[in-house]
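Below is one structure, written out as structure tokens; the observations come after it.
Both counts, for ligands and for their atoms, begin at 1 and track the order of listing.
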Amino acid sequence: MNNLAKDLDRVLFTEEEIAARVRELAGQITRDYAGKEVLAVCLLRGSAVFFADLVRKIDLPLIFDFMALSSYGGQAKSSGSVVVKKDLDTDLTGRHVLIVEDIIDTGRTLTCLKQLLAHRGAASVKICALLDKPSRRETPIEGDYIGFTIPNHFVVGYGLDFDQRYRNLPYIGILSPRIYQR
Ligand code: IMP
Ligand code: MG
């Protein structure tokens with residue numbers, strides 16, 4: 001077994017399963033936005049891998065941009081607010097914004113971000129997330145396009161990290177609790 005895979009309890013979605021689902025999502029997006037130009041927003045760093053695969057399967061006029069947020073989830077008592085660490089360079093006025101996220105967990109990040117972007121004059125703001133953990137939700141937000149709905153496991157790979165590692169795994173797996181409990 002290779003170095004990264006030994007830290008997993010099991011594989012949740014293989015490369016093939018992810019690729020098939022990404023193709024389906026891109027097809028749905030292509031149909032829904034027919035006749036429009038999309039601004040795809042990649043939320044760094046977790047969605048970078050998903051984003052690169054997704055945009056290449058969307059058959060529409062499309063531009064993309066990047067954004068990085070940090071939330072006060074862990075250390076300080078969560079205030080539910082997010083801080084913009086790297087902002088978009090694109091003027092959103094009249095644009096159809098598609099936020100691409102790795103996973104919706106508590107929903108705090110996307111609740112704040114959706115409001116922020118809508119206030120910048122976007123014509124529409126929708127969310128595409130590869131994974132969704134609805135059992136963890138603290139704010140009532142839903143993705144418009146969801147790859148897979150999963151139970152409350154900590155997952156890594158295909159962009160998702162633990163302590164910045166495992167993002168380069170080409171598939172998604174459940175991280176063994178012994179890794180984050182030590
Ligand atoms: P929330 O929805 O505001 O709680 O934040 C979602 C963010 O938490 C995601 O973008 C991930 O960075 C991180 N996250 C949540 N669950 C997981 C997981 O299972 N593995 C890796 N990162 C996760
Ligand atoms: Mg993230």
Contacting atoms of ligand 1, where contact means under 4.0 angstrom from a heavy atom of [X]:
| X | result |
| --- | --- |
| Asp102 | 9 (C), 10 (O), 11 (C), 12 (O) |
| Asp161 | 21 (C) |
| His153 | 19 (O) |
| Glu101 | 10 (O) |

Task: Polar contact flag for Gly107 and ligand 1 (N/O pairs, less than 3.5 Å) - done: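 Yes, at least one N or O pair falls under 3.5 Å.
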Measuring from [atom], which candidate in [options] has the nearest non-hydrogen atom?
| atom | options | answer |
| --- | --- | --- |
| atom 7 (C) of ligand 1 | Leu131, Ile103, Ile104, Thr139 | Ile103 |
| atom 4 (O) of ligand 1 | Thr106, Leu69, Val82 | Thr106 |
| atom 20 (N) of ligand 1 | Leu44, Asn152, Val155 | Val155 |

Are a donor atom and an acceptor atom from the side chains of [X] and [Y] found within less than 3.5 Å of each other?
| X | Y | answer |
| --- | --- | --- |
| Asp65 | Thr90 | yes |
| Asp163 | Tyr180 | no |
| Asp102 | Tyr158 | no |

Open item on the list: Looking at Glu142 and Arg137, is any side-chain nitrogen of the basic one under 4.0 Å from a carboxylate oxygen of the acidic one?
Closed with: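 Result for this pair is no, no salt bridge flagged.
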TODO: In plain terms, say whether Arg120 and Asp91 are close enough for a salt bridge, that is, a side-chain N and a carboxylate O under 4.0 Å apart.
DONE: no
Task: Given Ile127, Leu131, Thr111, the one that forms side-chain contact (heavy atoms from CB on, under 4.5 Å) with Ile104 - done: Ile127
Are [X] and ligand 1 in contact, using a heavy-atom cut-off of under 4.0 Å?
| X | answer |
| --- | --- |
| Val156 | no |
| Arg136 | no |
| Lys133 | yes |
| Gly46 | no |

Task: Leu43 contact mode with ligand 1 (heavy-atom cut-off under 4.0 Å) - done: neither
Open item on the list: Can you tell me which portion of Thr109 lies within the under-4.0 Å heavy-atom range of ligand 1? Options are side chain, backbone, both, or neither.
Closed with: both
Open item on the list: I'd like to know whether Lys57 forms a side-chain contact (heavy atoms from CB on, under 4.5 Å) with Asp53, so could you lay out the CA-CA distance, the side-chain angles of the two residues, the decisive distance to 0.1 Å, and finally the verdict.
Closed with: CA-CA 7 Å; Lys57 300 288 180 216; Asp53 284 344; over 6 Å; no
TODO: Please answer whether the main-chain N or O of Thr14 pairs with a side-chain N or O of Glu17 as donor and acceptor at a distance below 3.5 Å.
DONE: yes
Open item on the list: Tyr171 vs Leu8, test: side-chain contact (heavy atoms from CB on, under 4.5 Å). Steps then yes/no.
Closed with: CA-CA 11 Å; Tyr171 49 84; Leu8 303 180; 3.7 Å; yes
